[in-house]
A.B. asks: 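I have a structure here, written as structure tokens, and I will follow up with some questions on it.
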Amino acid sequence: MTIARVDRRAPRSPARPREAGTAAPADGSALRRRRRRNRLTALAFLAPLALYLAAFYVYPLYRNLDLSLRDYTVRSFVAGDAPFSGLDNFRTVLDDPTFGPAMRHTMIFTFVSIAFQYAAGLALAVFFNRHFRLAATLRALFLIPWLLPLIVSASTWSWMLNSESGVLNCALHTVGVSPVDWLNSPHWALTSVIIANIWIGIPFNLVILYSGLQNIPGELYEAASLDGASAWQQFRRITFPLLRPVSAITLLLGLVYTLKVFDLIWIMTKGGPSDASSTLATWSYQLGFGSLLPKFGPGAAVGNILILIALVFGLLYIRVQRRQEA
């Protein structure tokens, strides 16, 4: 005899639908609070950077623009009541006979320095990319010019290029070549500072380009070798095209840095002799601080011209990059 077991548990009542307006607002408000908290956290992390940019970039740029648009003297600079002069300072700078040579020297100094720095840095990067013994040690030694304080490098080159006791003239005398007045001759002063600047900038190009070479797959070179490609063909077909984005940013950074080089030229030649090595950077300093009656407005105007030139090249770089990515 089988006794049927009766389930005495009460049947479950169907789940009641959640009434509108009970739990949803609580979840929505919690989500909004979480988003607000995340937003405040992000702003807290960005605040130090924003304050730094405002204090050391935005405000100096604003002050420099204000200086270039007003007729500042020493008294009005202290009192802060200089009259507004519009673009008069820019007209004064453009009409000055020093502007043409200073602009020409700036372009020569910048583009010659960048060309030789990039060429030497690229050659050294390809050389060290072979991973031979002592490559890391030699590569570290090449960083010394970049790590030295600029005043030390400039002073060292001033001593080496001294017309009477310089090492370079001693070497020229040894091989029977007459000494050259490197720093005091109008024909050689600009060349002297260019040589020193090239020496200082090569390590920067070496580091950036070498890091770019590390991202090129080695399988491409192996396949090219199997196809019978020479070393020059591998460089022209593989290395240089794939290194183009890194090369672009290297040249842009080098351009911005070289445009504003002041201390190297000032320590070695002070822009002389007879403004033979004067650039926009040294001329701006001479106008603003190089005399007992400083011309703050024209000096700031020259500085703004330098900023505008750097901005133009930066925009050109962005446009080229967008075309390459499209």
Side-chain angles (χ1 to χ4, degrees), residues 64 67-68 74 89-90 92-117 145 148-173 177-201 254-307 309-310:
N64 196 66
L67 281 171
S68 65
V74 176
N89 290 322
F90 290 92
T92 301
V93 166
L94 295 177
D95 293 337
D96 196 297
T98 309
F99 176 78
M103 175 64 77
R104 184 172 64 254
H105 296 158
T106 301
M107 295 297 105
I108 295 174
F109 178 81
T110 300
F111 289 108
V112 173
S113 296
I114 290 176
F116 279 91
Q117 287 172 357
L148 286 175
L150 202 54
I151 187 173
V152 175
S153 301
S155 301
T156 302
W157 275 99
S158 297
W159 170 73
M160 292 174 59
L161 297 175
N162 187 276
S163 58
E164 298 178 357
S165 58
V167 175
L168 191 56
N169 275 343
C170 290
L172 293 177
H173 178 73
V177 179
S178 58
V180 177
D181 195 4
W182 295 99
L183 302 178
N184 299 316
S185 171
H187 302 290
W188 288 101
L190 184 61
T191 303
S192 302
V193 294
I194 289 176
I195 293 173
N197 190 63
I198 290 173
W199 180 78
I200 293 173
L255 173 70
V256 173
Y257 172 79
T258 309
L259 277 175
K260 65 182 184 62
V261 168
F262 160 76
D263 32 16
L264 175 70
I265 302 174
W266 191 257
I267 293 172
M268 293 183 64
T269 64
K270 288 184 170 58
S274 302
D275 294 330
S277 59
S278 177
T279 61
L280 291 179
T282 59
W283 187 36
S284 175
Y285 178 83
Q286 288 175 335
L287 289 173
F289 306 99
S291 63
L292 296 177
L293 296 176
K295 301 177 181 179
F296 296 114
V302 176
N304 285 327
I305 292 175
L306 271 176
I307 295 174
I309 294 174

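Along the sequence shown, residues are numbered consecutively beginning with 1.
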A.B. asks: Hey, are the side chains of Leu161 and Ser192 touching, using non-hydrogen atoms and a 4.5 Å cut-off?
C.D. replies: yes

A.B. asks: Checking Ser113 side chain against Phe109 main chain: does a donor-acceptor pair fall under 3.5 Å?
C.D. replies: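 Yes; at least one donor-acceptor contact below 3.5 Å.
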
A.B. asks: Would you sort out whether Ile267 and Ser155 count as a side chain to side chain contact (heavy atoms under 4.5 Å, CB included), showing the intermediate values?
C.D. replies: CA-CA 7 Å; Ile267 293 172; Ser155 301; 4.1 Å; yes

A.B. asks: Side chains of Phe90 and Asn304: closer than 4.5 Å at any heavy-atom pair?
C.D. replies: yes

A.B. asks: Tell me, yes or no, whether the heavy-atom count around Phe116 atom CZ, taken from other residues, nucleotides or ligands under 6.0 Å, exceeds 12.
C.D. replies: no

A.B. asks: Does atom CZ of Phe111 have more than 12 heavy-atom neighbours, drawn from other residues, nucleotides or ligands, at distances under 6.0 Å?
C.D. replies: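 Enclosed.
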
A.B. asks: Do Ser277 and Thr269 meet the criterion of a side-chain donor-acceptor pair at a distance under 3.5 Å?
C.D. replies: yes

A.B. asks: Determine whether a donor-acceptor pair (N or O, by modelled atom type, separation under 3.5 Å) exists between the side chain of Thr106 and the backbone of Ala102.
C.D. replies: yes

A.B. asks: Any idea which heavy atoms bring Val180 and Leu172 closest together, and the distance?
C.D. replies: CG2-CD1, 4.2 Å

A.B. asks: Looking only at the side chains, is there a donor atom on one of Asn169 and Trp182 sitting less than 3.5 Å from an acceptor on the other?
C.D. replies: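 Side-chain D/A pair, Asn169 to Trp182: present.
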
A.B. asks: Test side chain to side chain contact (heavy atoms under 4.5 Å, CB included) on Met107 and Leu259; report intermediate values, then the result.
C.D. replies: CA-CA 8 Å; Met107 295 297 105; Leu259 277 175; 4.1 Å; yes

A.B. asks: Are there over 12 heavy-atom neighbours, none belonging to Leu148, within less than 6.0 Å of that residue's CG?
C.D. replies: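 Above 12, so yes.
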
A.B. asks: Is there a donor-acceptor contact under 3.5 Å from the side chain of Thr282 to the main chain of Gly271?
C.D. replies: no

A.B. asks: Report yes if some heavy atom in the side chain of Gln286 is under 4.5 Å from a heavy atom in the side chain of Trp266; otherwise report no.
C.D. replies: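 Gln286 reaches Trp266 side chain to side chain.
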
